[in-house]
2 protein chains.
Amino acid sequence: MFELLIKSIQDKVPSTEEELHLCKTHFTPKRLRRKQFLLQEGDVCNRMAFIEKGALYSYTTDAKGGQRVMQFAFEGFWISDLYSFFTREESKLNIEALEDCELLLLDHEQHDYLLKNVRQYETYIRILYQNAYVALQQRIEGTLGLTAEEKYSHLVEQYATIVNRVPQHLIASYLGITPETLSRIRKQMASR
Amino acid sequence: MFELLIKSIQDKVPSTEEELHLCKTHFTPKRLRRKQFLLQEGDVCNRMAFIEKGALYSYTTDAKGGQRVMQFAFEGFWISDLYSFFTREESKLNIEALEDCELLLLDHEQHDYLLKNVRQYETYIRILYQNAYVALQQRIEGTLGLTAEEKYSHLVEQYATIVNRVPQHLIASYLGITPETLSRIRKQMASR
DNA sequence: ATTTCTTCTTGACATATGTCAAGATTTCTC
DNA sequence: GAGAAATCTTGACATATGTCAAGAAGAAAT
């Protein structure tokens, strides 16, 4: 149940069994079925989720009721609405399971407790944010001012997992283009 | 010279005079004139810069030689290419002064030293990344799948400083639109 | 297996934004 | 303060992408 989390921590910060065990005890396991929600807009996001198995995605709803996909997350990654988590303001995000999931949840108090009392944990979180920041930066690089085809090519190169496990219309939304455009681009790319 | 940096740290992590002094001794002050570079693409980024005064921006160069603006940064903020900084790979970014600047530089070894030896510093950096991550997330929210006018309105609301201190054509690039389009949008918005 | 829901494709057409080119402003520099 | 850069505006036109609508294909549910 905790394999990937332990691996994720060990990869970034060498830790003793004791420290790892202490961490473990603060997480709450949870299963989520496809289409179920981890967070719904309007609620305050009170937890971060580490994904042991499955896939989720987060999105906002625009004026016309359409989805705008913000993030995809798979095994070994974290997902949350950090803005709401830290500010305690209502979230504008929905986080929904794309597949049946096994999650490890960490709520606000537990997160604070670990930060204060387990130095390794703070280091782990720092490195996590560091990587997450760089990843977002690269996402912007791979999106901004590019044509729809360039955006999609970039995604295929950098994030093959997404292309393989996620419905096309969600990928389109993630790239900021319409499903129709994406369909046409793929057809065109295939014929070359 | 160190006022804003001290303020930035104190705001996030209560620290003693001693800790603050220890931090200070690891930074190197540097002045930069308008149009001078802090980093040029092809070089490895070996430092992070805290801005005591002035403004800078970072950008990549695309196939046709055009600029694609990634970030603007003003007094009280940090700028760097974290990807290159951490991976030690060549940077694809240029970081250029928009105005005459006073910077405090921290190179890789000094950063590592502080992380290891000053717990407050690690906490400071963690919170910094946390905020930076949330800010990037919001940038994506304010860009993705929006019309040019919506993107610009969002910028005006959220980042008035940028609109006031940065040339329009760089703002256009930052939003992923052309200067001509931005000019037309502004005209149209003014007449309402 | 049949039905139902979800996802993907395709066509015809509309529109936002880009491109190119020229001139008008504004801002810097000496 | 004059000249040179840099920046911003405007027009005419091209084009990528969006919109709407319908049907096909695929996956999930009973």
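Just so it is clear, the values below take in all heavy atoms, side chains as well, and ignore hydrogens, waters and symmetry mates. Order of the sequence lines sets the chain letters (A, B, ...), proteins ahead of strands, with each chain counted from 1.
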Sequence-distant partners of Gln138(A), side-chain hydrogen bond (donor to acceptor under 3.5 Å, both in side chains), two or more places apart: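 Counting only residues at least two positions away or on another chain, Gln138(A) forms no side-chain hydrogen bond (donor to acceptor under 3.5 Å, both in side chains).
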Set of side-chain hydrogen bond (donor to acceptor under 3.5 Å, both in side chains) partners for Thr147(A), sequence neighbours left out: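 With neighbours one apart ignored, the set is Glu150(A).
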Of all pairs that satisfy side chain to side chain donor-acceptor pair (under 3.5 Å), the ones with a partner from residues 64-74 of chain A, not counting sequence neighbours: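 Non-adjacent pairs meeting side chain to side chain donor-acceptor pair (under 3.5 Å): Tyr57(A)-Gln67(A).
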Sequence neighbours excluded, every pair satisfying salt bridge (charged side-chain N to carboxylate O under 4.0 Å, His left out) that has a member inside residues 152-174 of chain B: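 Qualifying pairs: Glu75(B)-Arg165(B), Glu99(B)-Arg165(B).
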Qualifying salt bridge (charged side-chain N to carboxylate O under 4.0 Å, His left out) pairs, either residue in residues 7-20 of chain A, two or more places apart: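 Pairs touching residues 7-20 of chain A that pass the test: none.
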5' to 3' contact window, DNA chain C with chain B (heavy-atom distance under 4.0 Å): dT17(C) to dC28(C)
From CG (Leu39(B)) to CD1 (Ile79(B)), nearest 0.5 Å: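 The CD1 atom of Ile79(B) is 9.5 Å from CG of Leu39(B), to the nearest 0.5 Å.
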CG on Leu114(B) to OG1 on Thr25(B), rounded to 0.5 Å: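 Those atoms lie 7.5 Å apart.
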Contact pattern, 5' to 3', of nucleotides 23-30 of chain D - B, S or - by protein heavy atom under 4.0 Å: --------
Test: Arg119(B) cationic atom under 6.0 Å from Tyr124(B) six-membered ring centre, within 45° of axis: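 No, cation not above the ring by the 6.0 Å, 45° rule.
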Results of side-chain contact (heavy atoms from CB on, under 4.5 Å) for Ser183(A) - residues two or more places apart only: Gln168(A)
With sequence neighbours excluded, residues passing ring-ring contact (aromatic ring centres under 6.0 Å, His included) with His21(A): none
Overall bend - the helix from dA1(C)-dT30(D) to dC30(C)-dG1(D), comparing terminal axes fitted on five pairs, nearest 10 degrees: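 Rounded to the nearest 10 degrees, the bend comes out at 70°.
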Close approaches to DNA chain D from residues 59-71 of chain A, in residue order (heavy atom, under 4.0 Å): none
Neighbours of DNA chain C within residues 157-191 of chain A, by heavy-atom distance under 4.0 Å: Pro167(A), Gln168(A), His169(A), Glu180(A), Ser183(A), Arg184(A), Lys187(A)
Mutual orientation of the aromatic rings belonging to His111(A) and Phe86(A) [parallel < 30°, tilted 30-60°, perpendicular > 60°]: tilted
